[in-house]
S.K.: 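First, the structure itself, so that you have it in front of you.
Each residue takes its place number in the sequence, starting with 1.
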Amino acid sequence: MSEHVEWSEPEGPAPAATAAVTPADAADAARLVSFGLQPKLQPARDQEYADLLRRYREDPPFARLADAVATGLGLIVLEVSPRAGMAVTAAEESVFAVRMGDYARRTSADGGDRFLHGLAHLAVAAMAFPRPEDLADDGYIGRITVNGVDAFVRQACRRLEERAEEQGENTDPATDAPGLEAAWRIWVRRSATGATKDARRLAGSTTGIVAKAAAFLTESGFLQRTGDDHGGTYRTTARYQLQVRDMAGSAAMAELLDLGVVPVTDGTPTLLPAEESDDLELVADAGLPFHSS
């Protein structure tokens with residue numbers, strides 16, 4: 001009587017068990033995102049921050065967990081590195097999103113000023129990174145001044161006015177009309193300084209509006225103030241470069257750069273003649289680093 005023998009395929013290696021996410025892991029991931037929401041905090045000056053960044057780079061499951069926490073908060077991770085920390089920006093639906101309308105209303109009740117504040121932010125970005133290669137170079141540092149940005153915008157306004165005259169367009173529409181064409185008409189009518197009796201710069205002047213933009217960007221960790229010359233001098237941070245990269249394709253930025261008005265990077269405007277280009281429409285309320293209302 002023959003013995004029956006059952007044959008079976010040899011068992012392969014058991015699948016590696018996926019380590020369970022612990023409450024401590026979740027807390028660390030949330031802590032890292034919280035550091036990213038503190039734009040002035042530098043990893044080099046905070047050991048816990050630096051340690052969590054290192055863990056993010058070396059521990060893929062932890063990196064995925066941190067990314068998931070950011071996504072759940074409506075944040076977009078732009079970069080995680082020693083130079084920028086955990087650089088995040090708010091998606092449009094995020095509770096952390098800053099809207100141009102809210103920003104402008106904190107400064108003035110005049111609805112027309114909303115375009116001026118948006119234009120000031122666009123101009124700061126365009127002056128800080130006037131060429132694509134500047135945005136692409138991680139080591140590039142842009143430099144702007146308040147007076148330089150105002151001069152840049154006024155030069156762009158002159159170019160827009162020349163274009164309107166060449167095309168026979170109405171050069172004096174209602175000041176509440178949307179778009180860059182309306183914004184420049186409001187800008188050129190506004191005093192550059194409009195100092196008070198004690199020589200303080202008026203907040204509603206164009207340099208006052210640029211100064212407000214620069215102060216906001218400094219508070220947000222995008223600029224660093226370096227001096228008081230020319231209305232205030234500033235240098236860009238890695239976070240601002242990432243922010244401008246993320247927003248560089250906006251219609252507003254494209255229209256401003258298409259004017260061919262290119263400043264040098266020390267904040268002193270040296271402006272080149274514009275090339276002919278087709279007009280682009282500006283999305284109302286557009287302005288770095290804001291979302292439309």
S.K.: Evaluate side-chain contact (heavy atoms from CB on, under 4.5 Å) for V188 paired with R158, printing each intermediate quantity in order.
M.R.: CA-CA 9 Å; V188 294; R158 285 192 289 273; over 6 Å; no

S.K.: For D229, enumerate each residue passing the side chain to side chain contact (heavy atoms under 4.5 Å, CB included) test, keeping only those at least two apart in sequence or located in another chain.
M.R.: T233

S.K.: Kindly give the heavy-atom pair with the smallest separation between G231 and V146, and that separation in Å.
M.R.: O-CG2, 3.4 Å

S.K.: How close do A26 and V21 get, heavy atom to heavy atom, and via which atoms?
M.R.: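 The pair with the smallest heavy-atom distance is N-CG1, 4.5 Å.
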
S.K.: Between Q241 and L135, is any pair of side-chain heavy atoms under 4.5 Å apart?
M.R.: yes

S.K.: Suppose the criterion is salt bridge (Lys or Arg N to Asp or Glu O under 4.0 Å): which pairs have a residue in residues 146-156, not counting sequence neighbours?
M.R.: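 Only D150-R154 qualify under salt bridge (Lys or Arg N to Asp or Glu O under 4.0 Å).
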
S.K.: Going by the rule salt bridge (charged side-chain N to carboxylate O under 4.0 Å, His left out), which residues pair with D51 if we only count those two or more places apart in sequence or in a different chain?
M.R.: R54

S.K.: Between T218 and R225, is there a donor-acceptor pair closer than 3.5 Å when you use the side chain of the first and the backbone of the second?
M.R.: no

S.K.: Quick check for you: to the nearest 0.5 Å, what is the distance between R245 atom CZ and T89 atom OG1?
M.R.: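 These two atoms lie 14.0 Å from each other.
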
S.K.: With a 4.5 Å cut-off on side-chain heavy atoms, are P82 and R57 touching?
M.R.: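 The answer is yes; the side chains approach within 4.5 Å.
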
S.K.: Could you name each residue pair satisfying salt bridge (Lys or Arg N to Asp or Glu O under 4.0 Å) that touches residues 29-45, not counting sequence neighbours?
M.R.: R31-E48

S.K.: With sequence neighbours left out, which residue pairs that include part of residues 58-79 fulfil the salt bridge (Lys or Arg N to Asp or Glu O under 4.0 Å) condition?
M.R.: R55-D59, E79-R83

S.K.: Which atom pair, heavy atoms only, marks the closest approach of P43 to A50?
M.R.: O-CB, 3.7 Å

S.K.: Provide the closest heavy-atom pair for M127 versus I144 in the form atom of the first, atom of the second, distance.
M.R.: CB-CG2, 3.8 Å

S.K.: With T71, which residues qualify under side chain to side chain contact (heavy atoms under 4.5 Å, CB included), at least two apart?
M.R.: none

S.K.: Counting N and O atoms only, with roles assigned by atom type, does the side chain of D25 sit under 3.5 Å from a partner on the main chain of T22, one being a donor and the other an acceptor?
M.R.: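 At least one qualifying donor-acceptor pair exists.
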
S.K.: Should side-chain heavy atoms under 4.5 Å link Ile, Leu, Val, Met, Phe, Trp and Tyr, which residues sit in the same cluster as V77?
M.R.: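 Listed partners: L32, V33, F35, L37, L41, Y49, L52, L53, Y56, F62, V69, L73, L75, V80, M86, V88, V95, F96.
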
S.K.: Does a side-chain heavy-atom distance below 4.5 Å link T206 with V153?
M.R.: no

S.K.: Among residues at least two apart in sequence or on other chains, which ones pass side chain to side chain contact (heavy atoms under 4.5 Å, CB included) with T236?
M.R.: A128, F129, I141, L223, Y240

S.K.: Which heavy-atom pair separates H121 from A213 by the least distance, and what is that distance?
M.R.: NE2-CB, 3.5 Å

S.K.: For I76, which fellow cluster members are found when Ile, Leu, Val, Met, Phe, Trp and Tyr are connected by side-chain heavy-atom distances below 4.5 angstrom, either directly or through intermediates?
M.R.: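 Cluster partners of I76: L78, L242.
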
S.K.: What heavy-atom pair brings V149 and A123 nearest, and what distance separates the two atoms?
M.R.: CG1-CB, 3.8 Å

